[in-house]
Structures are given as structure tokens and as C-alpha cells.
Amino acid sequence: MGAFRLITWNVNSVRARLEQVARLSHEQRPHILCLQETKVDDNGFPHKAMRAAGYRHVCPRGQRMHHGVAILARVPVVHSYSLDWCGKGDARHIAVRLESGVEVHCFYVPAGGDEPDPETNPRFAHKLAFLDEMRAWAETLDRPVVMVGDLNVAPLETDVWSHKQLRNVISHTPPERARLDAVMAAHDWVDAMRAAVPAEHKLFTWWSYRARDWRASNRGRRLDHIWVSRPLMARFRTMRVLDDVRDWPRPSDHAPVLADFDDL
DNA sequence: ATGGTTGTAGGACAA
């Protein structure tokens with residue numbers, strides 16, 4: 001069977017990143033491209049530009065200004081749907097079912113604000129509740145799925161540039177990391193990125209805009225993930241963080257993550 | 001210790 005390539009990328013505004021999406025699509029030719037933080041409602045979504053970039057199927061789930069996800073596909077999509085989380089109506093999830101029956105789920109988990117105390121910071125409380133809801137959903141999942149996106153949690157010590165300095169910084173706090181572990185265990189997912197790069201090695205997908213030289217300082221975090229149902233791992237080949245894209249003109253602060261499968 | 005940048009907007013605010 002032919003190879004199947006998937007890329008997930010937090011673009012930080014799809015309209016600000018049209019050229020980069022086109023270039024990435026041309027250079028890597030993914031069958032499926034999952035986007036987060038599109039920051040546009042579905043009427044304003046750049047359908048034409050995405051079709052020009054080669055995607056016959058465009059499944060956006062957006063809202064004005066904030067959040068927003070989309071799945072773009074060169075291969076047939078038999079069904080797509082979005083789930084609501086925490087009853088807020090936020091555009092944080094879109095899923096597609098492929099002809100094989102495999103589903104691809106694209107998530108944008110709340111970032112959680114700055115203060116790591118759910119009592120005083122409602123954004124952090126929302127993030128924890130969102131992760132709890134994901135775990136409950138994962139417990140009911142009885143079919144093979146690939147789950148990708150900006151989960152806004154760096155679970156391992158080597159998923160951040162300094163475990164010591166970030167252990168009380170949102171994205172790497174104990175309650176978030178414990179909840180993300182629980183989501184993964186609830187469906188018996190495999191962390192495909194870590195299947196490719198052992199936990200001894202640092203692995204990042206996001207670098208702040210604020211660094212003078214993001215590559216030199218390398219104060220990154222692994223916030224973006226590719227999780228694969230265990231039975232599908234037999235088809236998983238390789239993974240790459242496309243960090244060169246972080247150096248393109250007008251970059252997103254997230255690098256795309258690419259995964260190759262034998263088939264999907 | 002603080003500030004550093006970007007995007008959406010057209011002033012803060014979230015990331």
C-alpha cells in the first residue's frame with residue numbers, strides 16, 4: 001500500500017500563514033494537514049487558497065478571533081464532525097473519517113493563562129476540566145483513531161528546556177501532566193513522537209516569539225502531539241518536527257510535526 | 001527580576 005503522510009501545525013492564524021501553508025504543502029505533500037489556531041470563522045476560511053494548495057476536502061471549525069481548527073485532505077473524507085467541550089461552544093475540535101474507517105481528530109486544548117491555580121485562574125480551571133472531559137471521551141472510544149494537535153501540555157521532563165524552571169509554569173505543571181497521562185491511558189494511545197525519539201532526548205515543537213534567537217537559546221516546549229491507537233502503531237513509520245519552518249518569513253511560533261504511515 | 005513578540009483588532013488581550 002502507498003505511504004500516508006500527516007502533518008499537524010498550530011499556524012497562529014491561517015490567514016496570516018497562507019504562503020507558509022502553501023509552501024509546506026508543496027514541499028511535504030501531506031495527505032492530511034491538521035491546523036490549529038486558525039482564528040477565523042468558517043465563512044472567512046480561505047477555502048480557495050487551501051484548494052489551490054492541493055486539498056480537495058476542507059473541513060474547518062472556526063470562530064472569530066480565537067481558537068479554530070481545520071483538517072485539510074487530499075484523500076477522500078467520508079464524514080466529518082466537531083464535538084463541543086465544557087459546554088462552551090469553542091472551536092477546539094474537528095474530526096474526519098477516512099475510507100479505511102480510521103478517524104483523525106484535531107484538537108486545540110486551552111492554553112490556561114498564567115497563574116497555575118485553578119481557584120484563582122478560571123482559564124487554568126477550564127484547561128483542567130477540558131482534559132478531564134477528553135479522558136472521559138477517550139474511555140468511550142472503541143475504534144482506531146489518530147489524535148493530533150496543540151494539546152498545550154509538555155508531559156515529559158525532556159519536553160521542556162528546563163524541567164526545574166518550568167515545573168510551576170502552565171503547560172508543565174503536575175496537574176496538567178497527570179491529566180494528559182490519564183487521557184492517553186484511557187484509550188491506550190501511543191505517543192508516536194516519543195516512539196520515534198526516546199524520552200532521554202529533548203524534543204520541542206514550540207519556541208516563543210520573544211527570544212532574540214529562538215534556535216540559539218532553544219527554550220522550547222513540546223506542546224504539539226501525535227497520538228496513535230495502539231493497533232495502528234504497526235503502520236507508523238517515522239516522525240519529524242519540521243523546525244526549519246520556524247525560520248521561514250513571518251513564522252508561526254509552532255513548528256509543524258510530520259508523521260509517515262505505511263497506510264491510514 | 002523583568003521583558004521580550006505576534007495576531008486580531010483597531011484597544012487590550014491572549015498566547
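Letters A, B, ... mirror the listed sequences (proteins, then strands); counts begin at 1.
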Between [N] and [M], how far apart are the two [atom1] atoms, rounded to whole Å?
| N | M | atom1 | result |
| --- | --- | --- | --- |
| B:dG7 | B:dT2 | P | 27 Å |
| B:dA15 | B:dG4 | C1' | 14 Å |
| B:dT8 | B:dG3 | P | 25 Å |
| B:dT5 | B:dA1 | P | 22 Å |
| B:dA9 | B:dA14 | P | 15 Å |

(Q) Reading 5' to 3' and counting Watson-Crick or G-U wobble pairs with both distances under 3.5 Å, write the dot-bracket notation for DNA chain B, | for bases paired outside the strand. (A) ....((((...))))

Q: Could you list where the contact with chain A starts and ends along DNA chain B, reading 5' to 3', using a 4.0 Å heavy-atom cut-off?
A: B:dG4 to B:dA15

Q) Taking the six-membered ring where the residue is Trp, are the ring centres of A:Trp137 and A:Phe107 under 6.0 Å apart? A) yes

Q: Could you tell me whether A:Asp117 atom CG has more than 12 heavy atoms of other residues or ligands within 6.0 Å of it?
A: yes

Q. So does A:His26 have more than 12 non-hydrogen atoms from other groups sitting under 6.0 Å from NE2?
A. no

Q) Does A:Asn121 reach the main-chain N or O of A:Gly112 with its side chain, forming a donor-acceptor pair under 3.5 Å? A) yes

(Q) Between A:Arg194 (side chain only) and A:Val197 (backbone N and O only), is there a donor and an acceptor less than 3.5 Å apart? (A) yes

Q: Looking at every strand, decide which applies to A:Arg219 at a 4.0 Å heavy-atom threshold: base, sugar-phosphate, or nothing.
A: nothing

Q. What does A:Arg212 touch in the nucleic acid at a heavy-atom separation under 4.0 angstrom: a base, only the sugar-phosphate, or nothing?
A. nothing

Q. Starting at the 5' end of DNA chain B and moving along, which residue's nearest nucleotide shows up first, A:Ala111 or A:Arg17?
A. A:Arg17

Q: Would you kindly compare A:Arg210 and A:Val14 by the position of their nearest DNA chain B nucleotide and give the one closer to the 5′ end?
A: A:Val14

**Q.** Cationic tip of A:Arg246 above A:Trp214 ring, under 6.0 Å, 45° of axis
**A.** yes

Q) In Å, rounded to the nearest 0.5 Å, how long is the span from CG of A:Asn12 to CH2 of A:Trp206? A) 11.0 Å

Q: Would you check if there is a donor-acceptor pair between the side chains of A:Trp207 and A:Asn218 at a distance under 3.5 Å?
A: yes

Q: Can you sort out the partners of A:Asp181 under salt bridge (Lys or Arg N to Asp or Glu O under 4.0 Å), two or more places apart, ordered by chain and number?
A: none

